[in-house]
Amino acid sequence: MNNLEQEVDQLFIEYFRDFSNLDLKAIVSYFHLPCVFIVLNDVLVFSTAAEVEEFWTPRFEAMKAADFGHTERHEASIQMLNDHTAMASSLAVRFKKNGTKLERRGAAFAVRKTDEGWKIVTVIHHSPENVIRMQ
């Protein structure tokens with residue numbers, strides 16, 4: 001992995017750590033504004049941190065109600081497009097506090113390097129069986 005790939009990988013190491021802690025404020029900080037989420041039946045464009053927070057709040061509440069414990073990142077891959085943009089893909093495996101598997105989620109990401117570091121510009125949720133394996 002080259003230095004830029006390591007920087008992008010570090011973004012996702014920290015993102016998954018904060019996601020496991022259900023740290024809403026931290027999660028919001030990972031997103032570029034504006035950003036786009038492509039979910040099962042919708043395309044959502046967020047222009048403010050408050051809008052990103054509104055998206056995640058009910059999902060975090062549902063995970064807490066399901067006894068969410070942590071998320072592990074599997075099958076991660078990164079493809080640098082240039083020095084300031086990259087694509088990433090991974091499988092997220094979520095576990096309950098007792099260690100049993102809660103669910104599996106697939107996501108692809110477009111990320112951009114900004115003055116504040118790497119930020120997630122686009123999230124594309126997809127089937128966990130369809131993780132993109134890049135070079």
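Values in this document were obtained by computation on a predicted structure and should not be read as measured data. All heavy atoms count here, side chains included; hydrogens, waters and symmetry mates do not.
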With side chain to side chain contact (heavy atoms under 4.5 Å, CB included) as the test, would you mind laying out the steps for V36 and V121 before giving the verdict?
-> CA-CA 6 Å; V36 176; V121 177; 6.0 Å; no
Apply the test ring pair (Phe, Tyr, Trp, His ring centres under 6.0 Å) to residues F31 and F55: give CA-CA distance (whole Å), side-chain angles for both, the deciding distance (0.1 Å), then the verdict.
-> CA-CA 12 Å; F31 290 94; F55 174 84; 8.5 Å; no
Kindly determine whether L81 and M87 satisfy side chain to side chain contact (heavy atoms under 4.5 Å, CB included), including the steps that lead there.
-> CA-CA 7 Å; L81 303 176; M87 296 295 298; 3.8 Å; yes
Applying side chain to side chain contact (heavy atoms under 4.5 Å, CB included), run through H74 and R104 and close with a yes or a no.
-> CA-CA 10 Å; H74 295 268; R104 299 168 65 232; over 6 Å; no
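Checking side-chain atoms of R73 against main-chain N and O of T71 turns up no donor-acceptor pair under 3.5 Å. Without hydrogens or angle criteria, E14 side chain to L11 main chain gives no donor-acceptor distance under 3.5 Å.
The stretch residues 26-43 participates, sequence neighbours left out, in these side chain to side chain donor-acceptor pair (under 3.5 Å) pairs: D18-Y30, H32-R112.
The side chain to side chain contact (heavy atoms under 4.5 Å, CB included) test applied to A49 returns V28, L33, not counting sequence neighbours.
The distance from the OG1 atom of T85 to the CG atom of L4 is 10.0 Å, given to the nearest 0.5 Å. Of the inter-residue distances, the one linking H125 atom NE2 with N130 atom CG reads 14.0 Å to the nearest 0.5 angstrom. Rounded to the nearest 0.5 Å, atoms CG (L24) and CZ (R59) are 11.5 Å apart. In this structure, the separation between NE2 on H126 and CD1 on I38 is 11.0 Å, given to the nearest 0.5 Å. We find the CG-CD distance between L44 and E54 to be 11.5 Å, quoted to the nearest 0.5 Å. With values rounded to the nearest 0.5 angstrom, R133 atom CZ is found 15.0 Å from Q79 atom CD.
Residues F37 and F12 share a single hydrophobic cluster, defined by chaining ILVMFWY side chains whose heavy atoms lie under 4.5 Å apart. Connection of W56 to F16 is established within a shared hydrophobic cluster, with ILVMFWY side chains joined at heavy-atom distances below 4.5 Å, either directly or through further cluster members. Side-chain heavy atoms closer than 4.5 Å link hydrophobic residues (I, L, V, M, F, W, Y) into clusters, and following such links, even through other members, never connects F19 to V131. Transitive grouping of hydrophobic side chains (ILVMFWY, heavy atoms separated by less than 4.5 Å) brings V43 and I124 into a common cluster. Cluster annotation: V39 is connected to M63 through the hydrophobic network of ILVMFWY side chains, with a link wherever side-chain heavy atoms come within less than 4.5 Å.
Cation-pi geometry between R17 and Y15 is not satisfied (NZ or CZ under 6.0 Å from the ring centre, within 45° of the ring normal).
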Contacts under 3.5 angstrom, residues 89-97 side chains, donor-acceptor by atom type, not counting sequence neighbours:
| from | atom 1 | to | atom 2 | distance (Å) |
| --- | --- | --- | --- | --- |
| S89 | OG | I132 | N | 3.0 |
| R94 | NH1 | E103 | OE2 | 2.7 |

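Closest approach of I120 and C35 over heavy atoms only: O-CB, 4.0 Å.
Looking only at atom types and distance, the side chain of Q6 has no donor-acceptor partner in the side chain of Q10 under 3.5 Å away.
Heavy atoms of other residues, nucleotides or ligands lying less than 6.0 angstrom from CD of E116 number 12 at most.
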